[in-house]
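Below: the structure, in structure tokens.
Just follow the structure's listing: the first ligand is 1, and inside any ligand the first atom is 1.
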Amino acid sequence: MHIPSALTEIAPGVNAWLPDFPGTWGMANCVLVSSGSKALLVDTPYTAALTRSLTAAAHRVLPPSAVISTVVNTHANGDHSYGNGLFPDAEIISTEANLDHLCAEPEPEQLHALLDQCQRNDPFQRYMLAHFGRYDYRGLRLTPPTRTFNGRLELEVGSTAVELIEVGPAHTAGDLIVHIPDSGVVCAGDVLFVGDVPVHWAGPLGGVLDACQRILDLAPRVVVPGHGPLVGPAEVGAYMDFIGEIRDRIHALHAEGLETEEAARVLLREHRRTELGLSERLAVLTATEYRHLNQVTDPLELVQVLGAAVRLAPDCVPATVPERPVLLADLGARV
Ligand SMILES: [Zn+2]
């Protein structure tokens with residue numbers, strides 16, 4: 001596992017911050033698009049320390065006069081937006097649906113306090129500590145978009161065209177993807193996970209498939225997933241096959257009359273993609289799809305859904321977890 005001290009160049013003027021953290025939650029990719037003295041950042045990291053590390057790496061590839069004056073959030077989850085507050089002078093752009101659903105996100109300090117109360121003898125709370133206890137959320141506040149759009153928004157970053165395309169509801173209610181046509185790069189946000197079983201909170205999974213098809217329709221050269229390494233169109237197609245198989249199986253189990261948790265148990269038992277991390281997320285995908293099949297419109301109880309997933313997949317709970325927070329001060333080092 002590795003937090004990068006430098007950005008990876010994908011194309012001239014397009015550089016990515018790619019944490020290598022398979023099998024865990026919260027360590028998301030960010031992409032810097034720059035031209036002359038203008039710079040746009042796609043997504044911000046989960047903590048202030050990570051955001052400062054990313055910013056330092058960004059300024060090593062930018063001209064001295066350049067400023068990150070635009071931040072784009074692919075969706076409202078904290079691992080893609082908690083760092084927004086470290087760009088107080090930037091315009092922060094996202095979809096109107098993402099702004100509307102920001103109220104469902106916990107304040108970073110609330111999340112920190114919740115983790116402070118987690119007990120090591122409770123399996124779910126130990127799971128939470130294992131995955132989120134490494135992050136230090138103190139000193140951050142939810143910082144909402146200052147500019148929103150519906151459908152599509154075209155921007156110029158210096159002389160580089162950047163297209164924001166709304167593809168939600170899919171992973172969340174308001175997902176967007178970022179297309180940089182000159183370089184053939186698409187930033188997928190969390191409609192695409194690489195290396196781990198995906199998690200999708202809004203759905204339906206058909207919406208995720210449609211979002212991925214929108215990516216392929218752009219004929220990209222490189223696709224930056226929300227989490228995991230860079231991929232090309234072939235890997236996006238394979239991911240769609242995987243999502244399609246999961247969706248079809250869930251629909252069949254629903255048609256047989258199985259309840260949500262019974263169906264999730266079947267998905268977990270039949271799962272063969274052991275090279276992917278976080279297989280407990282199959283239970284979240286089942287719950288999300290069942291909500292659509294059963295036409296449930298109440299707000300999703302995230303902790304309840306994740307708690308059920310951990311209970312159904314007890315092997316995902318580690319026997320011990322380190323003291324928290326594990327301050328990621330030694331950024332750039334292997335952890
Ligand atoms: Zn994410």
Side-chain angles (χ1 to χ4, degrees), residues 1-4 16-31 41-48 50-51 53-54 71-84 92 94-95 97-98 101-102 104-108 111 115 127-128 130-135 137 140 142-143 145 164 166-178 186-203 205 207-208 211-212 215 223-231 236 239 243 276-282 284-285 288 300 302-303 305-306 309 328:
M1 299 206 274
H2 182 243
I3 299 165
W17 188 74
L18 302 168
D20 176 21
F21 260 71
T24 192
W25 293 73
M27 206 65 84
N29 297 326
C30 303
V31 175
L41 181 65
V42 180
D43 285 339
T44 58
Y46 217 0
T47 73
L50 290 169
T51 306
S53 175
L54 160 63
V71 169
V72 173
N73 292 137
T74 56
H75 59 291
N77 288 166
D79 56 333
H80 300 257
S81 63
Y82 273 1
N84 285 1
I92 299 173
S94 200
T95 60
N98 278 338
H101 285 79
L102 194 64
E105 292 293 321
E107 280 282 353
L111 186 51
L115 289 160
Y127 179 89
M128 292 294 287
H131 286 285
F132 299 94
R134 66 166 56 86
Y135 302 111
Y137 302 105
L140 292 168
L142 280 188
T143 305
L164 311 186
E166 185 171 18
V167 295
H171 172 70
T172 63
D175 308 281
L176 67 88
I177 59 174
V178 181
V186 174
C187 308
D190 279 2
V191 299
L192 177 67
F193 284 79
V194 176
D196 292 325
V197 171
V199 64
H200 296 301
W201 303 110
L205 293 176
V208 176
C212 290
I215 294 171
V223 181
V224 187
H227 300 258
L230 304 175
V231 292
V236 176
Y239 171 84
I243 295 282
L276 299 176
L278 301 171
S279 56
E280 61 275 19
R281 287 174 167 177
L282 288 166
V284 179
L285 295 179
T288 297
L300 179 87
L302 192 147
V303 171
V305 169
L306 186 55
L328 296 167

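Contact annotation: the side chain of Leu54 approaches that of Leu41 to within less than 4.5 Å [non-hydrogen atoms, C-beta and beyond]. The shortest distance between side-chain heavy atoms of Leu18 and Val224 falls below 4.5 Å.
Taking the six-membered ring where tryptophan is involved, the planes of Trp25 and Phe132 are tilted, since the angle between them lies from 30° to 60°. Taking the six-membered ring where the residue is Trp, His80 and His75 present tilted rings, their angle falling between 30° and 60°.
When distances from the Zn ion (ligand 1) to the N, O or S atoms of Asp190 are compared, OD2 comes out shortest. Taking the Zn ion (ligand 1) as reference, the nearest N/O/S atom within Asp79 carries the name OD2. Its N, O or S atom nearest to the Zn ion (ligand 1) is what matters here, and for His80 that atom is NE2.
Distances from the Zn ion (ligand 1) show that His227 has an N/O/S atom below 2.8 Å.
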